[in-house]
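One structure is given below, encoded as structure tokens.
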Amino acid sequence: QVQLVESGGGLVQAGGSLRLSCAASGRTFSARAMGWFRQAPGKEREFVAYITWSYGTSYYADSVKGRFTISRDIAKNTGYLQMNSLKLEDTAVYYCAAFAGGSSLINPANYDYWGQGTQVTVSS
């Protein structure tokens, strides 16, 4: 079993920055990738970014490309999401998840373990 715990959410003004962390614990974290997703009230959960755990290859949703940066620290079993130039529409609960396998890294159904989520609120 893998446990994922997010932290770093909060309230920030538009244009500001936040860094989210996702700490993995439990059995040896052997996921192939870590993803970040978000869900705003009344909307479906949407893909934000992923990073492959061994190679560090990353991919971003168009809506966050150039503003968000995903990274990971293998030694600490921790992933990060640096969010800059935040917009009102970035307001959501952000989840990290561990990907074990499947055809698509942007499909949340292919992620086996999820954190509890952390709220990010961007104000004007």
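Nothing here was measured: the structure is a model prediction, and the numbers come from that model. Keep in mind that the numbers below use all heavy atoms, side chains included, and drop hydrogens, waters and symmetry copies.
W114 and Y80 are members of different hydrophobic clusters when ILVMFWY side chains are connected at heavy-atom separations under 4.5 Å. Linking ILVMFWY side-chain heavy atoms closer than 4.5 Å, directly or via other members, places L86 and L11 in two distinct hydrophobic clusters.
Closest of all the heavy-atom pairs between S103 and N110 is N-ND2, 3.7 Å. Contact between L4 and A24 at its shortest, heavy atoms only, is CD2-CB, 3.6 Å. Closest approach of I74 and W53 over heavy atoms only: CD1-O, 3.5 Å. Of all the heavy atoms in S17 and S85, the pair that sits closest is OG-N, 4.3 Å. Of all heavy-atom pairs between F99 and S104, the closest is CE1-O, 3.5 Å.
Under the side chain to side chain donor-acceptor pair (under 3.5 Å) test applied with Y94, the options R38, Q39, Q119 reduce to a single match, R38.
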Given the rule in the ring pair (Phe, Tyr, Trp, His ring centres under 6.0 Å) test, do F37 and Y95 qualify, once you have shown the distances and angles that lead to the verdict? CA-CA 5 Å; F37 295 80; Y95 300 88; 8.7 Å; no
Would E6 and L20 count as a side chain to side chain contact (heavy atoms under 4.5 Å, CB included) here? Give the steps. CA-CA 7 Å; E6 301 102 336; L20 306 183; over 6 Å; no
Given the rule in the side chain to side chain contact (heavy atoms under 4.5 Å, CB included) test, do Y60 and R67 qualify, once you have shown the distances and angles that lead to the verdict? CA-CA 10 Å; Y60 300 88; R67 300 188 297 121; over 6 Å; no
Go through the steps for K76 and S21 under the test side chain to side chain contact (heavy atoms under 4.5 Å, CB included), then give the verdict. CA-CA 11 Å; K76 294 182 178 179; S21 298; over 6 Å; no
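Enclosure of atom NZ in K65 by more than 12 non-hydrogen atoms of other residues, nucleotides or ligands within 6.0 angstrom is indicated. Around CD of E89, the count of heavy atoms belonging to other residues, nucleotides or ligands within 6.0 Å exceeds 12.
Summarising the geometry, atom CD belonging to Q116 is positioned 8.5 Å from atom OG belonging to S7; distances are rounded to the nearest 0.5 Å. Interatomic distance, CD of Q82 versus CD1 of I70, reported as 12.0 Å (0.5 Å rounding). The OH atom of Y111 lies 11.0 Å from the SG atom of C96; values are rounded to the nearest 0.5 Å. If you take CG on N77 and CE on M34, they are separated by 8.0 Å, rounding to the nearest 0.5 Å. Rounding to the nearest 0.5 Å gives a distance of 11.0 Å between OG of S58 and CG of L81. Here D90 contributes atom CG and T121 contributes atom OG1; the two are 11.0 Å apart, rounded to the nearest 0.5 Å.
Proximity of a side-chain donor or acceptor of T52 to a complementary backbone N or O of S54 within less than 3.5 Å is not detected.
The closest side-chain heavy-atom distance from V5 to S25 is not below 4.5 Å.
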